A.B. asks: 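Sharing a structure with you now.
Note that the structure is predicted; figures quoted are calculated from it, not measured.
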Amino acid sequence: MSATAQKTGISRQIRLPNSEAAKIALRSLKIRFWRSGITMAGIVLGIAFLAYVMVSGQLERTFQLQEGVPVDAGAQSHATQIWLIAISLLVSGVGITNAMLMSVTERYREIGTMKCLGALDWFVVKLFLFEAAFLGFAGSLLGAILGGLAAFLSAMTQHKSVLSVVSWSATLEVLVIAVAVGGVLSVVGAIYPARRAGKMPPADAMRTEM
Amino acid sequence: MIETAQRQEYAVKTLNVTKEFTMGKETLQALKGINIEVLAGEYISIMGPSGSGKSTLFNMIGGLDKPTNGKVYIDEVDISGLDAYELAWLRCRKIGYIFQTFNLIPVMTALENCTLPMIFAGMSTQDAAEKAVELLTLVGLGERIRHKPFELSGGQQQRVAIARSFANDPAIILADEPTGNLDLKTGKEIIELLRRLNKDKGVTIISATHDLKMLDVSDRIIWIRDGLVDKIERRDELDIAIGSLEGEEA
Ligand SMILES: Nc1ncnc2c1ncn2[C@@H]1O[C@H](COP(=O)(O)OP(=O)(O)OP(=O)(O)O)[C@@H](O)[C@H]1O
Ligand SMILES: [Mg+2]
């Protein structure tokens, strides 16, 4: 029948381009500035800690090489650090999930309305993941800078020569990894809330109570 | 197809639509077999007491929810057979929604709110913006396109919502108590606006309402009671009824 004849054309006619999704996501973050900031703070702290530990480790190895100390000297504290990092990242991730879940509940009408306007489930998922990606990227960048700075400052108290001997490219690499970890963490943490938002039935937009 | 051309074209048709909600062990029958037929271009009001099932019926007609039993035809297509893509397409292109609570996206300006359905429909940002300005001007908000919903009065927000509902030139507008949150005068303006758009654009309007002012502009009134169609009246048959209702209200 005509419904099946139209079918192939229809699926291509509904879309949400990435540029638009990004714009909408940024606006949603901006208008909830303080809330977004608090959510981001969790990522900043988690990634700052990660960057601090990573950059400190890198600086340490630089000095150990210079002074000819055997590199595996700190194996014990290394394991502890990995645990600490894992836990702090977990806390950041759960923080994102929690904040996003709240955001979904709060915006049930907005989500329902978008669906009434023709949004597919994955449009909504996409919007929430973009928001998480922006938050995660900005937060991790800030965190990586702060953590890296702290690592340098504390290294300088022991070795005055840090700035002259350090391998900047290695430091940059470490910071890029920290930012990437933060971004991925944030998006992964948002998957469950985003999918929940996507599944929200459009009929909810019509309901006046709540 | 030839066959449909010879018959009356119905914009909306429901066939024994029932809807049950189950909450725990209890089953609530919100719709108990609704049969209505709406011609293209008609202005229909659905009247009925609170809880009679108006919004539930709207959700069925608008493809927002599925009936428990029965069929809903939009432009002669049974929408229960549509998949998620097709339903989204239907909501985007065929139907415009207007809500009692306006339901504008709070983070977006009037212009962006109107643009959104057109973006979904695949229109370029430029074209969508031009059309949105045109529509906002049409509803009398040409000066306020850059305002956010919270900077607009209720009546103005509802105008934005009306402009948005017309974004993709839908065949059908579903308005669930569009004047429910507005004062008398603003409500009247909104009703007149809807009537004007109905005449000018030939769009079918179905509106659920408690608002007796709405009766004056409707072609037909469908009275719903307790999940069933109570009676269907044409406006010219209605005069006596309005008189007595207005008497009741005073
Ligand atoms: N999602 C739902 N879950 C359970 N019951 C529901 C749901 N939606 C509606 N109902 C019930 O169905 C009945 C009809 O509700 P509906 O919202 O359609 O009424 P209405 O005519 O729109 O009323 P009003 O004029 O107050 O808006 C009510 O008894 C309501 O409690
Ligand atoms: Mg209702």
A.B. asks: For B:Phe150, does the CZ atom have more than 12 heavy-atom neighbours from other residues, nucleotides or ligands under 6.0 Å away?
C.D. replies: yes
A.B. asks: With a 4.5 angstrom heavy-atom cut-off, could you sort out which part of A:Arg107 is near chain B: side chain, backbone, both or neither?
C.D. replies: neither
A.B. asks: Which atom pair, heavy atoms only, marks the closest approach of A:Ile14 to B:Ala88?
C.D. replies: CD1-O, 4.0 Å
A.B. asks: With rounding to the nearest 0.5 Å, note down the distance linking NZ in A:Lys115 to OH in B:Tyr97.
C.D. replies: 12.5 Å
A.B. asks: Can you give me the closest heavy-atom contact between B:Pro106 and A:Ile31, atom names plus distance?
C.D. replies: O-CD1, 4.3 Å
A.B. asks: If you look at every heavy atom in A:Arg32 and B:Val107, which pair is closest and at what distance?
C.D. replies: NH1-CG1, 3.9 Å
A.B. asks: Are B:Ile119 and A:Arg15 close enough, and set up right, to give a side-chain contact (heavy atoms from CB on, under 4.5 Å), and what steps lead you there?
C.D. replies: CA-CA 7 Å; B:Ile119 301 285; A:Arg15 62 177 188 210; over 6 Å; no
A.B. asks: Give a yes or no on whether A:Trp168 atom CH2 has more than 12 heavy-atom contacts from other residues, nucleotides or ligands under 6.0 Å away.
C.D. replies: yes
A.B. asks: For chain A, find which of B:Ile105, B:Thr125, B:Asp65 contributes the most heavy-atom pairs closer than 4.5 angstrom.
C.D. replies: B:Ile105
A.B. asks: Roughly how far apart are A:Cys116 SG and B:Asn59 CG, rounded to 0.5 Å?
C.D. replies: 8.0 Å
A.B. asks: Between A:Leu117 and chain B, which part of the residue has a heavy atom less than 4.5 Å away: side chain, backbone, both or neither?
C.D. replies: both
A.B. asks: Indicate the atoms forming the closest heavy-atom contact of B:Phe120 with A:Gly118, along with that distance.
C.D. replies: CD1-C, 4.0 Å
A.B. asks: Is it true that atom CD of A:Glu173 has more than 12 heavy atoms of other residues, nucleotides or ligands lying nearer than 6.0 Å?
C.D. replies: no
A.B. asks: Heavy-atom count check: over 12 atoms from other residues, nucleotides or ligands less than 6.0 Å from A:Phe137 CZ?
C.D. replies: no
A.B. asks: Counting heavy-atom pairs under 4.5 Å with chain A, which one of B:Lys148, B:Glu177, B:Arg164 comes out on top?
C.D. replies: B:Arg164
A.B. asks: Let's go through B:Leu116 and A:Ile24 carefully: what are the C-alpha distance in whole Å and the side-chain angles of both, what is the deciding distance for side-chain contact (heavy atoms from CB on, under 4.5 Å) to 0.1 Å, and is it a yes or a no?
C.D. replies: CA-CA 10 Å; B:Leu116 194 62; A:Ile24 296 171; 3.8 Å; yes
A.B. asks: If you count the non-hydrogen atoms of other residues, nucleotides and ligands that lie under 6.0 Å from CG in B:Leu184, is the total more than 12?
C.D. replies: no
A.B. asks: So what's closer than 4.5 Å to chain B heavy atoms on A:Glu20: side chain, backbone, both or neither?
C.D. replies: side chain
A.B. asks: So with a 6.0 Å cut-off around NZ of A:Lys30, is the heavy-atom count from everything else above 12?
C.D. replies: no
A.B. asks: Taking it one step at a time, do B:Glu112 and A:Lys23 satisfy salt bridge (Lys or Arg N to Asp or Glu O under 4.0 Å)?
C.D. replies: CA-CA 11 Å; B:Glu112 289 158 348; A:Lys23 255 195 265 173; over 6 Å; no
A.B. asks: Specify the closest pair of heavy atoms between A:Thr113 and B:Asn103, including all atoms of both residues, with the distance to one decimal.
C.D. replies: CG2-O, 3.1 Å
